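Contents: one structure, followed by commentary.
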Amino acid sequence: MSVLDRLAGALGRRDEEPNVALARELAASEDRAGIIMLADALANGPRPVRGDAIKALYELGALRPDLLRPHAGALLAALDAADNRLVWGAMTGLDSLAASYPELIAAHLPAILAAAECGSVIAKDKAVSMLATLAALPGPAAPEAWRRLLFIVEDAPVNQVAMYAEAALRGAPMREPDALAGTVRTRLAGIAQPAKRARLEKAFRKLARLQAGGAVPPSRSP
(Lines give C-alpha, C1' and ligand atoms only; values in the text may rest on other atoms or scores of the structure.)
Protein backbone atom coordinates (compact mmCIF):
# COMPACT_ATOMS: atom_id res chain seq x y z
CA MET A 1 0.00 0.00 0.00
CA SER A 2 1.48 3.37 -1.03
CA VAL A 3 1.53 6.38 1.27
CA LEU A 4 -1.26 7.96 -0.78
CA ASP A 5 -3.46 4.92 -0.16
CA ARG A 6 -2.98 5.46 3.57
CA LEU A 7 -4.23 9.04 3.64
CA ALA A 8 -7.56 9.70 5.33
CA GLY A 9 -9.53 10.33 2.14
CA ALA A 10 -8.28 7.17 0.46
CA LEU A 11 -9.41 5.19 3.52
CA GLY A 12 -12.84 6.80 3.49
CA ARG A 13 -12.14 8.58 6.77
CA ARG A 14 -13.26 12.09 7.68
CA ASP A 15 -10.89 12.51 10.62
CA GLU A 16 -7.18 13.35 10.53
CA GLU A 17 -5.84 10.40 12.51
CA PRO A 18 -4.68 8.38 9.46
CA ASN A 19 -2.67 11.38 8.26
CA VAL A 20 -1.12 11.87 11.69
CA ALA A 21 -0.33 8.17 11.98
CA LEU A 22 1.28 8.22 8.54
CA ALA A 23 3.48 11.16 9.55
CA ARG A 24 4.63 9.26 12.64
CA GLU A 25 5.49 6.19 10.59
CA LEU A 26 7.39 8.22 7.98
CA ALA A 27 9.33 9.98 10.72
CA ALA A 28 10.25 6.72 12.41
CA SER A 29 11.15 4.88 9.20
CA GLU A 30 12.80 7.85 7.46
CA ASP A 31 10.91 6.83 4.33
CA ARG A 32 12.20 9.54 2.02
CA ALA A 33 10.53 8.02 -1.05
CA GLY A 34 7.17 8.15 0.72
CA ILE A 35 7.76 11.77 1.72
CA ILE A 36 8.56 12.63 -1.90
CA MET A 37 5.20 11.13 -2.88
CA LEU A 38 3.42 13.31 -0.33
CA ALA A 39 5.20 16.44 -1.53
CA ASP A 40 4.29 15.60 -5.13
CA ALA A 41 0.67 15.01 -4.09
CA LEU A 42 0.65 18.43 -2.41
CA ALA A 43 1.87 20.04 -5.60
CA ASN A 44 -0.10 18.09 -8.18
CA GLY A 45 -2.86 16.03 -6.55
CA PRO A 46 -6.60 16.68 -6.53
CA ARG A 47 -7.89 18.97 -3.81
CA PRO A 48 -8.86 16.32 -1.22
CA VAL A 49 -5.51 14.56 -1.58
CA ARG A 50 -3.65 17.85 -1.26
CA GLY A 51 -5.47 18.56 1.99
CA ASP A 52 -4.49 15.20 3.43
CA ALA A 53 -0.93 15.53 2.16
CA ILE A 54 -0.35 18.91 3.79
CA LYS A 55 -1.59 17.57 7.11
CA ALA A 56 0.79 14.61 6.97
CA LEU A 57 3.67 16.85 5.91
CA TYR A 58 3.31 19.42 8.66
CA GLU A 59 2.86 16.69 11.26
CA LEU A 60 6.09 15.18 9.91
CA GLY A 61 7.78 18.57 10.28
CA ALA A 62 6.82 18.73 13.93
CA LEU A 63 8.55 15.38 14.48
CA ARG A 64 11.44 15.48 12.00
CA PRO A 65 12.08 18.88 10.43
CA ASP A 66 15.18 17.46 8.76
CA LEU A 67 13.00 15.13 6.69
CA LEU A 68 10.65 17.95 5.68
CA ARG A 69 13.40 20.44 4.79
CA PRO A 70 14.07 19.04 1.28
CA HIS A 71 10.42 19.71 0.44
CA ALA A 72 10.21 23.29 1.64
CA GLY A 73 9.69 24.31 -1.98
CA ALA A 74 6.37 22.47 -2.07
CA LEU A 75 5.28 24.29 1.10
CA LEU A 76 6.31 27.65 -0.31
CA ALA A 77 4.43 26.98 -3.53
CA ALA A 78 1.31 26.13 -1.52
CA LEU A 79 1.31 29.64 -0.04
CA ASP A 80 -0.26 30.77 -3.32
CA ALA A 81 -3.05 28.16 -3.21
CA ALA A 82 -6.68 29.24 -3.41
CA ASP A 83 -7.55 26.69 -0.71
CA ASN A 84 -7.05 28.35 2.67
CA ARG A 85 -6.34 25.01 4.36
CA LEU A 86 -3.32 24.54 2.13
CA VAL A 87 -2.07 28.03 2.95
CA TRP A 88 -2.22 27.70 6.73
CA GLY A 89 -1.01 24.11 6.49
CA ALA A 90 2.03 25.26 4.53
CA MET A 91 2.62 28.00 7.10
CA THR A 92 2.48 25.38 9.86
CA GLY A 93 5.03 23.26 8.04
CA LEU A 94 7.34 26.22 7.48
CA ASP A 95 7.04 27.19 11.14
CA SER A 96 8.31 23.72 12.07
CA LEU A 97 11.45 24.45 10.03
CA ALA A 98 12.18 27.89 11.44
CA ALA A 99 14.27 26.90 14.46
CA SER A 100 16.51 24.47 12.57
CA TYR A 101 16.65 26.34 9.25
CA PRO A 102 16.20 30.06 9.99
CA GLU A 103 18.06 31.04 6.84
CA LEU A 104 15.36 29.33 4.76
CA ILE A 105 12.58 31.27 6.46
CA ALA A 106 14.51 34.52 6.25
CA ALA A 107 15.09 34.07 2.52
CA HIS A 108 11.38 33.70 1.88
CA LEU A 109 10.04 36.03 4.56
CA PRO A 110 8.35 38.49 2.14
CA ALA A 111 6.29 35.70 0.57
CA ILE A 112 5.48 34.21 3.98
CA LEU A 113 4.29 37.54 5.39
CA ALA A 114 2.30 38.32 2.26
CA ALA A 115 0.49 34.98 2.54
CA ALA A 116 -0.20 35.65 6.22
CA GLU A 117 -1.61 39.07 5.46
CA CYS A 118 -4.18 37.55 3.11
CA GLY A 119 -4.69 34.34 5.07
CA SER A 120 -6.57 33.03 8.06
CA VAL A 121 -5.92 33.69 11.73
CA ILE A 122 -3.95 30.44 11.88
CA ALA A 123 -1.74 31.59 9.00
CA LYS A 124 -1.07 34.87 10.80
CA ASP A 125 -0.32 33.04 14.06
CA LYS A 126 2.24 30.84 12.34
CA ALA A 127 3.88 33.84 10.66
CA VAL A 128 4.23 35.50 14.06
CA SER A 129 5.77 32.32 15.45
CA MET A 130 8.32 32.29 12.64
CA LEU A 131 9.19 35.94 13.24
CA ALA A 132 9.64 35.24 16.95
CA THR A 133 11.96 32.34 16.16
CA LEU A 134 14.07 34.49 13.84
CA ALA A 135 14.19 37.32 16.37
CA ALA A 136 15.41 34.96 19.09
CA LEU A 137 18.33 33.67 17.02
CA PRO A 138 21.55 35.38 15.96
CA GLY A 139 21.66 36.25 12.30
CA PRO A 140 21.11 39.08 9.83
CA ALA A 141 17.35 38.50 9.67
CA ALA A 142 16.79 39.01 13.40
CA PRO A 143 16.54 42.83 13.53
CA GLU A 144 13.97 42.95 10.73
CA ALA A 145 12.00 40.09 12.30
CA TRP A 146 11.96 41.99 15.60
CA ARG A 147 10.81 45.19 13.90
CA ARG A 148 7.98 43.29 12.22
CA LEU A 149 6.98 41.69 15.52
CA LEU A 150 6.74 45.05 17.27
CA PHE A 151 4.55 46.37 14.48
CA ILE A 152 2.30 43.31 14.63
CA VAL A 153 1.86 43.58 18.41
CA GLU A 154 1.08 47.27 18.01
CA ASP A 155 -1.52 46.67 15.31
CA ALA A 156 -2.97 43.23 16.22
CA PRO A 157 -6.68 42.69 16.89
CA VAL A 158 -7.58 42.59 20.58
CA ASN A 159 -8.22 38.83 20.39
CA GLN A 160 -4.66 38.17 19.20
CA VAL A 161 -2.52 40.82 20.85
CA ALA A 162 -1.71 38.87 24.03
CA MET A 163 -0.71 35.76 22.08
CA TYR A 164 1.52 37.81 19.82
CA ALA A 165 3.11 39.62 22.75
CA GLU A 166 3.85 36.23 24.32
CA ALA A 167 5.49 35.10 21.10
CA ALA A 168 7.54 38.28 20.92
CA LEU A 169 8.86 37.56 24.41
CA ARG A 170 10.95 34.79 22.86
CA GLY A 171 12.98 37.41 21.02
CA ALA A 172 13.02 40.08 23.72
CA PRO A 173 16.17 38.84 25.54
CA MET A 174 18.13 39.16 22.28
CA ARG A 175 16.57 42.43 21.12
CA GLU A 176 14.98 45.50 22.74
CA PRO A 177 12.69 44.55 25.62
CA ASP A 178 12.03 48.24 26.33
CA ALA A 179 10.49 48.67 22.90
CA LEU A 180 8.21 45.69 23.37
CA ALA A 181 7.29 46.82 26.89
CA GLY A 182 6.30 50.22 25.55
CA THR A 183 4.14 48.67 22.86
CA VAL A 184 2.44 46.32 25.32
CA ARG A 185 1.83 49.19 27.75
CA THR A 186 0.15 51.18 24.97
CA ARG A 187 -2.04 48.25 24.00
CA LEU A 188 -3.06 47.64 27.63
CA ALA A 189 -4.41 51.17 27.84
CA GLY A 190 -6.91 50.40 25.12
CA ILE A 191 -8.17 46.99 26.31
CA ALA A 192 -11.10 46.90 28.73
CA GLN A 193 -12.01 43.20 28.77
CA PRO A 194 -10.68 41.68 32.04
CA ALA A 195 -9.63 38.31 30.59
CA LYS A 196 -7.77 39.85 27.67
CA ARG A 197 -6.12 42.42 29.95
CA ALA A 198 -5.03 39.72 32.39
CA ARG A 199 -3.17 37.72 29.77
CA LEU A 200 -1.47 40.79 28.36
CA GLU A 201 -0.60 42.03 31.86
CA LYS A 202 1.10 38.69 32.50
CA ALA A 203 3.26 39.22 29.41
CA PHE A 204 4.04 42.73 30.62
CA ARG A 205 5.17 41.41 34.02
CA LYS A 206 7.53 38.99 32.28
CA LEU A 207 8.97 41.90 30.34
CA ALA A 208 9.42 43.87 33.54
CA ARG A 209 11.42 40.97 35.01
CA LEU A 210 13.57 40.88 31.90
CA GLN A 211 14.18 44.62 32.08
CA ALA A 212 15.22 44.15 35.69
CA GLY A 213 17.77 41.55 34.65
CA GLY A 214 15.79 38.39 35.39
CA ALA A 215 14.96 35.43 33.20
CA VAL A 216 11.74 35.29 31.24
CA PRO A 217 9.68 32.11 31.75
CA PRO A 218 8.75 30.26 28.55
CA SER A 219 5.70 31.60 26.70
CA ARG A 220 3.13 29.82 24.62
CA SER A 221 3.77 29.85 20.90
CA PRO A 222 0.98 30.92 18.53
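FYI, the numbering just counts along the sequence from 1. In this text, all values refer to a predicted model and were calculated from it rather than measured experimentally.
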task: Ignoring hydrogens and angles, tell me if any N or O in the side chain of Ser96 forms a donor-acceptor pair with the backbone of Gly93 under 3.5 Å.
output: yes

task: Mark yes or no for whether Thr183, through its side chain, and Ala179, through its backbone, hold a donor-acceptor pair below 3.5 Å.
output: yes

field: Cluster overlap Val20 with Trp88, hydrophobic side-chain contacts below 4.5 Å
entry: no

message: In this structure, would Ile54 and Leu11 fall into the same cluster of hydrophobic residues linked by side-chain contacts under 4.5 Å?
response: no

field: Residue Glu17 excluded, over 12 heavy atoms near CD under 6.0 Å
entry: yes

- prompt: Taking all atoms of both residues into account, what is the closest heavy-atom pair of Leu210 and Pro177, and its distance?
  reply: CD2-CB, 3.6 Å

Point-to-point distance, once rounded to the nearest 0.5 Å, from OH of Tyr58 to CG of Leu68: 12.5 Å

query: Is there a donor-acceptor pair closer than 3.5 Å between any side-chain N or O of Arg175 and the backbone N or O of Ala136?
result: no

- prompt: Side chain of Asn19, backbone of Lys55: donor and acceptor closer than 3.5 Å?
  reply: no

message: I need the minimum non-hydrogen distance between Tyr164 and Ala156, along with the two atoms involved.
response: CD1-CB, 3.7 Å

field: Under-4.0 Å salt bridge between Arg199 and Glu166
entry: yes

- prompt: Nearest heavy-atom pair of Ala56 and Leu38: which atoms, and what distance?
  reply: CB-CD1, 3.8 Å

Listed pairs under 3.5 Å, donor-acceptor, residues 70-84 side chains, sequence neighbours left out:
from	atom 1	to	atom 2	distance (Å)
Asp83	OD1	Arg85	N	2.9
Asp83	OD2	Arg47	NE	3.0

message: By the definition side chain to side chain contact (heavy atoms under 4.5 Å, CB included), identify the one residue from Leu150, Val161, Leu207 that meets it with Val184.
response: Leu207

task: Provide the closest heavy-atom pair for Ile105 versus Ala98 in the form atom of the first, atom of the second, distance.
output: CG1-CA, 3.7 Å

Point-to-point distance, once rounded to the nearest 0.5 Å, from NZ of Lys202 to CG of Leu200: 12.5 Å

task: Mind running side-chain contact (heavy atoms from CB on, under 4.5 Å) on Thr186 and Glu154 for me, showing each step along the way?
output: CA-CA 8 Å; Thr186 300; Glu154 179 181 356; over 6 Å; no

message: Is it the case that the side chain of Arg170 and the backbone of Ala132 share a donor-acceptor pair, with hydrogens and angles ignored and the cut-off at 3.5 Å?
response: no

query: Where do Asp5 and Ser2 land on the side chain to side chain donor-acceptor pair (under 3.5 Å) test, with the steps shown first?
result: CA-CA 5 Å; Asp5 294 328; Ser2 76; 3.2 Å; yes

task: With the side chain counted from C-beta on, respond yes when Leu4 and Asp52 share a heavy-atom pair under 4.5 Å apart, and no when they do not.
output: no

- request: Dump the intermediate steps for salt bridge (Lys or Arg N to Asp or Glu O under 4.0 Å) on Glu30 and Arg64, then the final yes or no.
  value: CA-CA 9 Å; Glu30 301 185 350; Arg64 290 288 303 272; 3.0 Å; yes

- request: Kindly work out whether a path of hydrophobic side-chain contacts (I/L/V/M/F/W/Y, heavy atoms less than 4.5 Å apart) joins Leu63 to Met37.
  value: no

statement: Separation between CZ (Arg69) and CD1 (Ile35), nearest 0.5 Å, reads 14.0 Å

task: Group every Ile, Leu, Val, Met, Phe, Trp and Tyr by side-chain heavy-atom contacts under 4.5 Å, then state whether Leu137 and Leu109 land in the same group.
output: no

field: Spatial distance of atom CE (Met163) from atom CG (Asp125) [nearest 0.5 Å]
entry: 5.0 Å

message: Applying a strict under-4.5 Å side-chain criterion to I, L, V, M, F, W and Y, I'd like to know whether Ile122 and Val158 cluster together.
response: yes

task: Please name the pair of heavy atoms, one in Leu131 and one in Arg148, separated by the smallest distance, quoted to 0.1 Å.
output: CD1-CB, 3.9 Å

message: Once rounded to the nearest 0.5 Å, what's the spacing between atom CG of Asp31 and atom CG of Leu67?
response: 9.5 Å

message: Give me the atom names and distance for the closest heavy-atom approach of Arg187 to Val153.
response: NH1-O, 2.9 Å

message: Check Glu176 with Arg147, please: is the shortest side-chain N to carboxylate O separation under 4.0 Å?
response: no

query: So how far is it from His108 NE2 to Glu103 CD, rounded to the nearest 0.5 Å?
result: 10.0 Å

